[in-house]
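What follows is one structure encoded as structure tokens, with my remarks underneath.
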There are 2 protein chains.
Amino acid sequence: MRATDRSRFERLDAIAARLKDDAALTAKDLAEQLGVSLRTISRDLALLRDRGVPVEADRGRGGGLRLPRHWGVGRLSLTYREAVELLVCLAIAEQLPSPWLIANLAAVRRKLVASFAPALKDKIASLRSRILIGGSASAAVIESFSPLGAEISEALLAGFLEHRRLRLCYRDVAGKLTEREIEPQWLLLNAPVWYVMGWDHKRQAVRSFRCDRILEAHLTESPFTLRPAREFDAAIADIRAIRP
Amino acid sequence: MRATDRSRFERLDAIAARLKDDAALTAKDLAEQLGVSLRTISRDLALLRDRGVPVEADRGRGGGLRLPRHWGVGRLSLTYREAVELLVCLAIAEQLPSPWLIANLAAVRRKLVASFAPALKDKIASLRSRILIGGSASAAVIESFSPLGAEISEALLAGFLEHRRLRLCYRDVAGKLTEREIEPQWLLLNAPVWYVMGWDHKRQAVRSFRCDRILEAHLTESPFTLRPAREFDAAIADIRAIRP
DNA sequence: GAATAATACGCCATTTTATGTCATGTTTCT
DNA sequence: AGAAACATGACATAAAATGGCGTATTATTC
């Protein structure tokens with residue numbers, strides 16, 4: 001004779017949900033609401049505690065069940081794209097020296113990284129050190145700025161994350177078109193303009209590209225390995241010098 | 001005769017984890033690895049599908065089980081503190097104009113806000129517009145900077161998030177100690193130094209406080225309402241002027 | 001087109017787990 | 001002291017999970 005017929009684990013979810021609404025709640029209430037015996041609720045609570053939910057119980061008259069104030073933050077379920085944006089966002093925030101309020105983002109980053117498929121994990125774990133945030137772009141740069149197309153955007157992102165070479169069609173400062181095959185190793189933001197720094201395969205040298213000057217980008221199957229950071233120092237300095 | 005003795009739902013987790021490793025995987029492999037029969041694996045997969053995991057199966061020779069590429073990325077469960085830090089981190093990133101890679105953080109923020117207890121949601125939703133990120137602090141400021149104690153840090157955060165008044169003991173620039181009762185309305189970061197801008201209750205005026213000069217902070221029960229942003233313009237300009 | 005390797009699913013006996021009931025203990029408030 | 005709350009043990013029973021078997025279906029390979 002149950003109020004709603006659920007499997008056990010749905011009931012556990014239901015209990016957790018009711019606990020989160022930090023209203024006064026007793027085990028007896030739960031038993032009635034969920035149509036099971038008090039003993040079962042008791043066992044369910046034990047199970048929840050085993051699984052890491054810190055259910056606190058106050059004995060005695062006027063007592064009841066609680067979660068520690070503010071433990072109620074449930075699961076976050078992000079799409080792939082959102083997860084990647086969040087990673088970038090973390091990379092940015094972790095570049096700010098702040099001993100308070102954003103001091104422990106590393107834990108969040110670890111959890112986020114852990115949610116990726118193992119094959120991507122190690123590649124993604126190093127992402128933070130391959131993104132640089134500069135100041136904002138100069139007026140001249142902003143003037144000539146145009147947003148990226150969806151396809152290019154996809155390809156760039158995939159190449160950067162998965163360490164795969166890209167074939168680019170690029171229009172340089174002078175307006176000349178070139179075909180290139182590059183390893184997208186670093187990203188740099190001079191808001192609102194993103195730059196890719198890559199190893200140019202034909203020229204065997206570091207080159208940097210303003211993302212919105214890329215006309216086409218195609219993902220290849222060739223993987224690459226990360227190059228030492230110092231090889232990019234000069235290129236980074238160059239881009240930063242664009243704005244006075 | 002089981003490889004490892006687990007309850008059913010632990011086994012479901014194990015299956016999901018193995019599926020994420022997008023290596024070739026058949027139901028038979030799973031059955032052997034987990035020490036249960038093929039029939040059980042089959043039932044487990046049905047259960048996973050019921051619970052919303054889009055397990056794809058290729059029949060026939062060379063077939064096997066898969067998850068859609070990138071499914072399940074971004075499932076994480078955060079502690080309250082982590083969620084708050086993440087919110088602040090988002091507030092920071094959303095202040096950067098970037099049309100790519102961090103353009104869609106709003107969705108993440110919404111999901112994050114939704115995961116808080118209902119009572120806090122509306123207060124937290126406006127948090128983004130009450131945090132400002134300035135440049136980095138001047139050498140002189142950094143010189144005199146000291147990290148915050150855990151208790152003060154807790155109280156400040158709680159007051160700011162929950163809109164509750166704080167009683168402060170503050171040492172001003174001249175070194176003079178004062179007792180104050182303030183409404184913590186804004187936060188401002190000149191890395192690594194945080195400032196609180198608040199409405200000082202005794203003086204009936206906006207005042208700003210360098211967080212690391214706060215000697216004591218006690219949370220009171222009195223709630224406050226947000227004041228219009230323009231009242232803080234002058235104070236913000238002041239703090240920014242500290243660094244030339 | 002036949003053999004093979006994979007998933008899918010129904011049925012049923014058996015094993016395991018979950019549940020209810022009853023009993024007892026403990027803590028806390030009135 | 002008594003009532004209201006959680007905690008926990010024991011045991012019979014109800015429910016669910018499991019294994020084994022058979023069959024169907026789909027895709028690949030030879």
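We name chains A, B, ... by the order of the sequence lines, and we start the count at 1 in each one.
Between the CD1 atom of Ile41(A) and the C1' atom of dA18(C) there is a distance of 13 Å, rounded to whole Å. Rounded to whole Å, atom P of dA17(D) lies 7 Å from atom CZ of Phe9(B). When the P atom of dA5(C) is taken as reference, atom CD of Glu32(B) falls 14 Å away, rounded to whole Å. The distance between atom CZ of Arg43(B) and atom P of dA17(D), rounded to the nearest whole Å, is 9 Å. As rounded to whole Å, 15 Å separates atom C1' of dA16(D) from atom CG of Asp50(B). For the pair Leu47(B) CG and dC9(C) P, the interatomic distance rounds to 13 Å; values are reported in whole Å. Spacing between atom CD of Glu10(B) and atom C1' of dT16(C) amounts to 16 Å, rounded to whole angstrom units. Between the CZ atom of Arg59(B) and the P atom of dT26(D) there is a distance of 6 Å, rounded to whole Å.
Both the sub-6.0 Å distance and the 45° axial angle are satisfied by Arg130(B) relative to the ring of Phe160(B).
Residue Gly63(B) is the one, among Leu38(A) and Gly63(B), whose nearest nucleotide of DNA chain C lies closer to the 5' end (criterion: closest heavy atom). Along DNA chain D, the nucleotide nearest Ala46(A) and the nucleotide nearest Asp58(B) are compared for position; the residue whose nucleotide lies closer to the 5' end is Ala46(A).
Contact annotation: Arg11(A) reaches the phosphate of dT19(C) (side-chain N/O to OP1 or OP2, under 4.0 Å). Close to dT18(D), at under 4.0 Å from its OP1 or OP2, lies a side-chain N or O of Arg8(B). Remark: Thr40(B) is in phosphate contact with dG19(D), judged by side-chain N or O atoms under 4.0 Å from OP1 or OP2. Remark: Arg39(B) is not in phosphate contact with dT14(C), judged by side-chain N or O atoms under 4.0 Å from OP1 or OP2.
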Test salt bridge (Lys or Arg N to Asp or Glu O under 4.0 Å) applied to Glu56(A) and Arg49(A), step by step: CA-CA 9 Å; Glu56(A) 291 178 4; Arg49(A) 292 190 180 107; over 6 Å; no
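Residue contacts shown for Thr26(A) are limited to sugar-phosphate atoms, with no base heavy atom under 4.0 Å away.
Classified by interplanar angle (parallel below 30°, tilted 30° to 60°, perpendicular above 60°), the ring pair Tyr80(B)/Phe116(B) is perpendicular.
Comparing atom distances between the Leu65(A) side chain and each of dG20(C), dC6(D), dA8(C) picks out dC6(D) as nearest. Of all nucleotides listed (dC11(C), dA8(C), dC6(D)), dC6(D) comes nearest to the side chain of Ala57(A).
The aromatic ring centres of Phe209(B) and Tyr195(B) sit 6.0 Å or more apart.
For the 3.5 Å distance criterion, the side chains of Arg180(A) and Thr178(A) qualify, holding a donor opposite an acceptor.
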